[in-house]
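Input: a single structure, listed below in structure tokens.
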Amino acid sequence: MHWCVCQASWRFGGGLIMGSQAAYEVLNQDQHAPACHQAEEKRHVPQQARKRTKHEISRDKSISLIKDATTDLFIERGYHNCHIEAIARALGMTKGAVYHYFASKDEIILSLLQDIDTRIFEALDRVEGNSTPTATQRLLAFLHAQAAYAVQNPKAFTMLVLCSFSFAGDDSPVAECVRAIFERQETIIGEILAEGVASAEFARDIVPATLARSIVGAYAGNVVAWQRSGFDPAVGRALVAELRAMILARIRPT
């Protein structure tokens, strides 16, 4: 398996978020102590964050603007028509200004995918810690965390899906990163499905890996349909509710 340059946590202990609506209503030291002990204490004592310089703030703002413009152009024009020159023009920058922060268009996209990868799996980590006695509840928690991320970050999620189309069959770093994100989702869902089949909570004819891939693919397709509606919230809610109903019907034992 290829791994994305951004390594978010694999962990999903499984919290519980019930009901599809939940996804949308919704992210003084001892001077006499040895120096090594003082250093250890410093690492554990919360300290006030250093004030950022104007240069640092300006740099972060510029990087954020470049990423936002790249996302918009990628969604509107596709990968091949999203050029550094167009990104610079959209921001009123020179190409040199963009190249000051990123060496290439692919480097911008990789940085965006790193952000997406981290935030998707951070969202899943936030549902850890609650009691989840059943595989159904773990599956729902995972799916609702995914839906919540998509609702809060529709353009970023759309870009991830479009990257999967644009780089299908490719072996570039961008393609490897996209595959790693989707494969990780499929693995987590597949593990939950396998648990449910083994405990007879889910239908016995389920092939976990196949159904997991179908679920991830269906979510990706829903994002495309949602984009066509202009990211209408009502359409997004309806799409998630219907997909949830289909998944629950499929896993129910007969």
Side-chain angles (χ1 to χ4, degrees), residues 2-9 26-27 47-125 146 148-185 220 223-224 226-233 236:
H2 297 288
W3 293 101
C4 177
V5 293
C6 36
Q7 292 297 325
S9 172
V26 274
L27 32 62
Q47 299 194 10
Q48 184 176 358
R50 177 182 63 82
K51 293 187 67 175
R52 298 165 69 212
T53 66
K54 290 183 179 180
H55 174 74
E56 289 172 327
I57 294 172
S58 176
R59 181 181 187 280
D60 289 351
K61 184 176 181 180
S62 295
I63 290 173
S64 179
L65 288 171
I66 291 169
K67 288 182 177 181
D68 288 346
T70 302
T71 299
D72 288 340
L73 287 170
F74 191 104
I75 292 173
E76 292 172 6
R77 305 181 182 183
Y79 171 77
H80 295 292
N81 293 316
C82 177
H83 307 294
I84 292 290
E85 183 176 1
I87 296 168
R89 188 183 307 116
L91 294 171
M93 291 181 173
T94 64
K95 289 171 59 177
V98 177
Y99 281 123
H100 176 72
Y101 298 106
F102 296 99
S104 66
K105 175 176 66 176
D106 281 8
E107 188 173 292
I108 303 174
I109 294 173
L110 277 172
S111 181
L112 284 163
L113 290 172
Q114 177 180 357
D115 295 342
I116 294 168
D117 178 273
T118 300
R119 294 189 66 180
I120 284 178
F121 292 96
E122 280 181 349
L124 299 178
D125 283 343
Q146 290 282 77
Y149 173 81
V151 167
Q152 295 162 9
N153 307 274
K155 289 186 178 180
F157 207 86
T158 299
M159 181 169 182
L160 172 62
V161 172
L162 294 180
C163 277
S164 71
F165 300 151
S166 299
F167 294 90
D170 201 328
D171 60 357
S172 67
V174 172
E176 292 181 0
C177 191
V178 172
R179 279 195 294 270
I181 294 172
F182 281 105
E183 287 173 0
R184 194 177 308 180
Q185 294 177 55
V223 170
V224 176
W226 190 27
Q227 180 201 10
R228 291 202 303 268
S229 75
F231 299 114
D232 184 331

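The closest side-chain heavy-atom distance from Tyr79 to Asp106 is below 4.5 Å. Phe102 has its side chain within reach of Lys67: a pair of non-hydrogen atoms, C-beta onward, lies under 4.5 Å apart. Between Leu160 and Val223, the closest side-chain pair of non-hydrogen atoms is not below 4.5 Å.
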Quick one, Leu110 with Cys177, criterion side chain to side chain contact (heavy atoms under 4.5 Å, CB included). Give me CA distance, side-chain angles, the key distance, then yes/no. CA-CA 8 Å; Leu110 277 172; Cys177 191; 4.1 Å; yes
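Atom CD1 of residue Ile109 and atom CZ of residue Phe167 lie 5.0 Å apart, to the nearest 0.5 angstrom. Note that CD of Gln227 is 12.5 Å distant from CE of Met159, once rounded to the nearest 0.5 Å. One distance of note links CE of Met93 with CD1 of Ile87; it measures 10.5 Å at 0.5 Å rounding. With rounding to the nearest 0.5 angstrom, the OG atom of Ser111 is 7.5 Å from the CD1 atom of Ile63. For the atom pair CD1 (Ile108) and OG1 (Thr71), the distance works out to 9.5 Å, reported to the nearest 0.5 Å. Here the CD1 atom belonging to Ile120 is positioned 5.0 Å from the CD atom belonging to Gln185, to the nearest 0.5 angstrom.
Counting only residues at least two apart or in different chains, side chain to side chain donor-acceptor pair (under 3.5 Å) contacts with residues 154-175 comprise Asp72-Lys155. For the side chain to side chain donor-acceptor pair (under 3.5 Å) condition, the pairs that include at least one residue of residues 84-96, sequence neighbours left out, are Glu85-Arg89.
When all heavy atoms of Cys163 and Leu113 are compared, the pair lying nearest together is SG-CD2, 4.5 Å.
The closest donor-acceptor contact from the side chain of Ser229 to the backbone of Trp226 lies under 3.5 Å. Side-chain atoms of Ser64 never come within 3.5 Å of backbone atoms of Asp60 as a donor-acceptor pair (strictly under, hydrogens ignored).
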